[in-house]
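In what follows, chains carry the letters A, B, and so on, assigned in the order in which the sequence lines appear, proteins first and then strands, with residues in each chain numbered from 1. What you see is a predicted model; the values in this text were computed from it and never measured.
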Protein chains: 2
Amino acid sequence: MSIAKVLYVEDEPFLAQIVSDGLRSSGYEVSHVADGQIALQYFINERPDICILDIMLPMKDGYTLAKDIRKINSSTPLIFLSAKTLTEDVIKGFKSGGNDYLRKPFSIDELLIRMESLLNRFPKQANDHPEQKQLVYEFGNCRLDTVHQLLKTISGEYPVSFKETSLLEMMLLHKNQVLERQTILLKIWGDDSYYNTRSMDVFLTRLRKLLKDEPAIQIMNIRGIGYKLICS
Amino acid sequence: MSIAKVLYVEDEPFLAQIVSDGLRSSGYEVSHVADGQIALQYFINERPDICILDIMLPMKDGYTLAKDIRKINSSTPLIFLSAKTLTEDVIKGFKSGGNDYLRKPFSIDELLIRMESLLNRFPKQANDHPEQKQLVYEFGNCRLDTVHQLLKTISGEYPVSFKETSLLEMMLLHKNQVLERQTILLKIWGDDSYYNTRSMDVFLTRLRKLLKDEPAIQIMNIRGIGYKLICS
DNA sequence: TTTACGATTTAACTCTATTTAACTGAGTTT
DNA sequence: AAACTCAGTTAAATAGAGTTAAATCGTAAA
């Protein structure tokens, strides 16, 4: 989804400023309105993706506003923010069409996560965007097939393990550039603890051994920083 | 909607009794379980319409349980109930697949209205209509008929068992993507205990044997993670 | 109810990717 | 040059995965 538009209705200017800033710095486009009457106009004109409503408002209270919005649109998520803590107020909030109800004071982070939840913005899996990554790499006289995990060199074709494939692929994506050790570790191993660095060394040895017959290809170490894969 | 089934996971007996009674007197059908490990079994067998999970549980905590449930089913609403009040716990709850998070102590009425809200937002469906799933899959030179449980390969047509069919079908639904072992186990076997993984290995061997004459089709292992079915 | 059979699980064993360990060497700092 | 840190090599240990066969389970026919 592109940038989500938020309609935020709140009459207390100080809080409104803090929350608006918080939302904006998380990438939302925020329209702030202080009055319930005007808010409905905004809703109609701006078609926000989500609304955040205070309950106590001048002219038209939050419950009424929510009901009015629901007459026009039944699906846009509505979150109530209120200092009213009684259960019956919460129930009134849901009955008037709200989808969530946060008691003041609340944390911005909690508001954000609840908004995301209502907007279904959780990255389901990496599967969502089957990113069009390259499957086969040619370099020097070699070829790495990341699908079948095969490395063809001048001296033959060898099956390589998943980690070997990942490591070589990562270097190929940065060939002739410096690639930091830590970057590799974090990406492939998930953390850069001592034993994982030792483990990576072992894999480097294996890759170097596989590529030893290709004089034009070298994995160079840059001490204290990382590696550079030299190849055409 | 007919009577909604609730799976309620809570290890504190006194609270569990109160909440269960409250839900029942509001017309819900409640299954109460005190243990996270067993809860997953219940989920698979009972197919509840909504789940209410405590966070602190013996055997398997609420977050982990939620993640496991999400591997099997992505739409059933999940509500966390917890004495943990920190924002970061709330965020963890949503990140692990929860749809709402209520801090203890909470009022039964608030729980009820939030349940109702979620049940309206995710109208019963996924479970009732096991969405028009594909019955026959074509891949490479093969064809899997899930109705008659027949696998046609280049070398003939073979009857396959229910588990073989399910396993292959699941891989086909994720072909050329990484599919986690645990996801398969939870979905097909219902739990990921040791012997089930061994059993799955046996089925993989059988599938690989059946598909061995199709060089373009391979079930590749990604150690520590899962499998990838390579095919067109 | 018993038997027979196929489906699935359990068991025992093998193989292999990855990690751990121990040691060696190379570049840096003092 | 001594001391130190980082990196490379090799081998052993571990844990994940694969294979095969035997045991068990469940169901339908006898």
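- For the pair B:D35 and B:K60, the salt-bridge criterion is not met [side-chain N within less than 4.0 Å of a carboxylate O].
- Using a cut-off of 4.0 Å between Lys/Arg side-chain N and Asp/Glu carboxylate O, A:R103 and B:E110 are scored as salt-bridged.
- No side-chain heavy atom of A:T183 sits less than 4.5 Å from a side-chain heavy atom of A:K187.
- Shown here are the side chain to side chain donor-acceptor pair (under 3.5 Å) partners of B:N176, two or more places apart in sequence or in another chain: there are none.
- When DNA chain C is scanned 5' to 3' for any atom under 4.0 Å from a heavy atom of chain B, the first and last hits are C:dA7 to C:dT18.
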Exercise answer: donor-acceptor pairs, residues 221-232 of chain A side-chain atoms, under 3.5 Å, sequence neighbours excluded:
{"residue": "A:N221", "atom": "OD1", "partner": "A:R223", "partner atom": "N", "Å": "3.3"}
{"residue": "A:N221", "atom": "ND2", "partner": "A:G226", "partner atom": "O", "Å": "3.3"}
{"residue": "A:Y227", "atom": "OH", "partner": "A:R181", "partner atom": "NH1", "Å": "2.6"}
{"residue": "A:S232", "atom": "OG", "partner": "A:G140", "partner atom": "N", "Å": "3.4"}

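- Note on residues 11-60 of chain B: pairs passing ring pair (Phe, Tyr, Trp, His ring centres under 6.0 Å), not counting sequence neighbours, are B:Y8-B:H32.
- Looking at B:N120 and B:E116, their side chains never bring a donor and an acceptor atom within 3.5 Å of each other.
- Applying the 6.0 Å contact sphere to CZ of B:R198 captures more than 12 heavy atoms from other residues, nucleotides or ligands.
- Pairs engaging residues 149-168 of chain B under the ring pair (Phe, Tyr, Trp, His ring centres under 6.0 Å) rule: none recorded [sequence neighbours left out].
- Atom NZ of B:K104 has more than 12 heavy atoms from other residues, nucleotides or ligands within 6.0 Å.
- Contact check of residues 150-178 of chain A against DNA chain D (heavy atom, cut-off under 4.0 Å) returns no residues at all.
- Residues B:F94 and B:F80 keep their aromatic ring centres 6.0 Å or farther apart.
- When heavy atoms are screened at a 4.0 angstrom cut-off, B:Y227 is found touching the sugar-phosphate backbone but no base atom.
- Near-neighbour residues of DNA chain D inside residues 200-216 of chain B, defined by a heavy atom below 4.0 Å, number-ordered: B:D201, B:V202, B:T205, B:R208, B:K209.
- No side-chain donor-acceptor contact under 3.5 Å links B:T153 to the backbone of B:C142.
- A heavy atom closer than 4.0 Å to some atom of DNA chain D occurs in B:R181, these being the qualifying members of residues 181-193 of chain B.
- Residues passing the side chain to side chain donor-acceptor pair (under 3.5 Å) test with B:D213, sequence neighbours excluded: B:S155.
- There is a side-chain donor-acceptor pair under 3.5 Å between B:D191 and B:S193.
- Counting only residues at least two apart or on different chains, the salt bridge (charged side-chain N to carboxylate O under 4.0 Å, His left out) pairs with a member in residues 157-179 of chain A are A:K133-A:E169, A:E164-A:R206.
- Counted within 6.0 Å of CZ on A:R208, heavy atoms from surrounding residues, nucleotides or ligands total more than 12; the atom is thus considered enclosed.
- By the neighbour-count criterion of 12 heavy atoms within 6.0 Å, atom CE of B:M220 is densely surrounded, having more than that number from other residues, nucleotides or ligands.
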Please tabulate the protein-to-nucleotide N/O contacts below 3.5 Å involving nucleotides 22-29 of chain D, giving atom names and distances.
none

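- Here the side chains of B:M56 and B:E12 are not in contact, with every heavy-atom distance at 4.5 Å or above.
- Remark: P of D:dG18 and CD1 of B:I222 are 11 Å apart, rounded to the nearest angstrom.
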Please enumerate all protein N or O atoms sitting under 3.5 Å from an N or O of nucleotides 1-5 of chain D, with distances to 0.1 Å.
{"residue": "D:dT5", "atom": "O2", "partner": "A:R223", "partner atom": "NH2", "Å": "2.6"}

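- As rounded to whole Å, 16 Å separates atom C1' of D:dA7 from atom CG of A:N196.
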